[in-house]
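Have a look at the structure below, then the notes.
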Amino acid sequence: MDKALKDINVLVVEDEKDLNEAYVAILKSQKIKVESSFNGKEALECLKKFKPDIILLDLRMPTMGGIEFLTKINKLKPKLKSKIIIFSNYDKQDEIKDAFDLGASKYMLKAWASPNELIKVIKETV
């Protein structure tokens, strides 16, 4: 059964302020419930009160990057049920493989993703 967009919760984890704000605006325009953080450490704090269906995760961030964040959420009890979409311009294959090994569902290059593609991938992933 497909979830309506208004019933989807997304956590945006992106360190670039302008991109973070753009993703939040795109998602909110579709009535998706959104929280955002600027690194993995902030995202872990956010997960204490917000239960996302999808985590839109950048790999390269200060303080705590995407791979370290994925490693930490895999140790949570009970285990987090969110699906992870890696959304990055970084395309180092071994790091992407590590992200998939740690539970990522999809990988998208930011540079090629239009707002419509982002919404489409979220709908397909949830």
**Item:** Exercise: do Glu68 and Thr71 side chains pair donor with acceptor under 3.5 Å
**Value:**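 There is no such pair between these side chains.
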**Asked** Going through the checks in order, is the side chain to side chain contact (heavy atoms under 4.5 Å, CB included) test met by Val126 and Asp7?
**Response** CA-CA 10 Å; Val126 74; Asp7 296 325; over 6 Å; no
[X] [atom1] to [Y] [atom2] distance, which is reported to the nearest 0.5 Å:
X      : Y      : atom1 : atom2 : result
Lys97  : Asp94  : NZ    : CG    : 9.5 Å
Leu56  : Lys83  : CG    : NZ    : 15.0 Å
Asn89  : Met108 : CG    : CE    : 11.0 Å
Ser114 : Ile26  : OG    : CD1   : 8.5 Å
Leu19  : Lys17  : CG    : NZ    : 11.5 Å

**Request:** With ring-ring contact (aromatic ring centres under 6.0 Å, His included) as the test, would you mind laying out the steps for Tyr107 and Phe87 before giving the verdict?
**Result:** CA-CA 6 Å; Tyr107 170 82; Phe87 202 59; 9.0 Å; no
**Request:** Please list, chain by chain and in numerical order, all residues satisfying ring-ring contact (aromatic ring centres under 6.0 Å, His included) with Phe69, sequence neighbours excluded.
**Result:** none
Looking at every heavy atom in both [X] and [Y], which two are closest together, and how far apart are they?
X      : Y     : result
Pro62  : Asn39 : O-CB, 3.1 Å
Val13  : Gly40 : CG1-N, 4.2 Å
Gly103 : Ile84 : O-CG1, 4.2 Å
Asn20  : Ser37 : ND2-O, 2.9 Å

Does [X] belong to the same Ile/Leu/Val/Met/Phe/Trp/Tyr cluster as [Y], with side-chain heavy atoms less than 4.5 Å apart forming each link?
X     : Y      : answer
Leu57 : Leu118 : no
Leu11 : Ile67  : yes
Ile73 : Phe100 : yes

**Prompt:** How would you list, by chain and number, every residue that makes a side-chain contact (heavy atoms from CB on, under 4.5 Å) with Ala25, sequence neighbours excluded?
**Reply:**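 Listed in chain order: nothing, the list is empty.
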Check: residues 46-55 side-chain donor-acceptor pairs under 3.5 Å, at least two apart:
| residue | atom | partner | partner atom | Å |
| --- | --- | --- | --- | --- |
| Lys48 | NZ | Glu45 | OE1 | 3.4 |
| Lys48 | NZ | Glu45 | OE2 | 2.9 |
| Lys51 | NZ | Leu47 | O | 2.7 |
| Asp53 | OD1 | Lys3 | NZ | 2.8 |
| Asp53 | OD2 | Lys3 | NZ | 3.3 |
| Asp53 | OD2 | Asn9 | N | 2.8 |

Side chain proximity check, [X] to [Y], heavy atoms < 4.5 angstrom:
X      : Y      : value
Ile119 : Ile32  : yes
Thr63  : Asp15  : no
Val10  : Lys33  : no
Phe38  : Glu14  : no
Met64  : Lys72  : yes
Leu27  : Ile122 : yes
Leu80  : Asn74  : no

**Message:** Taking Lys110 first and then Asp58, would you say they form a salt bridge - that is, a charged N and a carboxylate O separated by under 4.0 Å?
**Reply:**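 Looking at Asp58 together with Lys110, the answer is yes, because their closest N to O distance falls below 4.0 Å.
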**Item:** side chain to side chain contact (heavy atoms under 4.5 Å, CB included) between Glu95 and Leu59, worked out
**Value:** CA-CA 8 Å; Glu95 191 166 26; Leu59 289 179; 4.2 Å; yes
**Request:** Test Ile86 against Ile96 for side chain to side chain contact (heavy atoms under 4.5 Å, CB included), laying out the working first.
**Result:** CA-CA 8 Å; Ile86 301 299; Ile96 294 167; 5.7 Å; no
**Request:** Tell me, yes or no, whether the heavy-atom count around Lys106 atom NZ, taken from other residues, nucleotides or ligands under 6.0 Å, exceeds 12.
**Result:**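 Enclosed.
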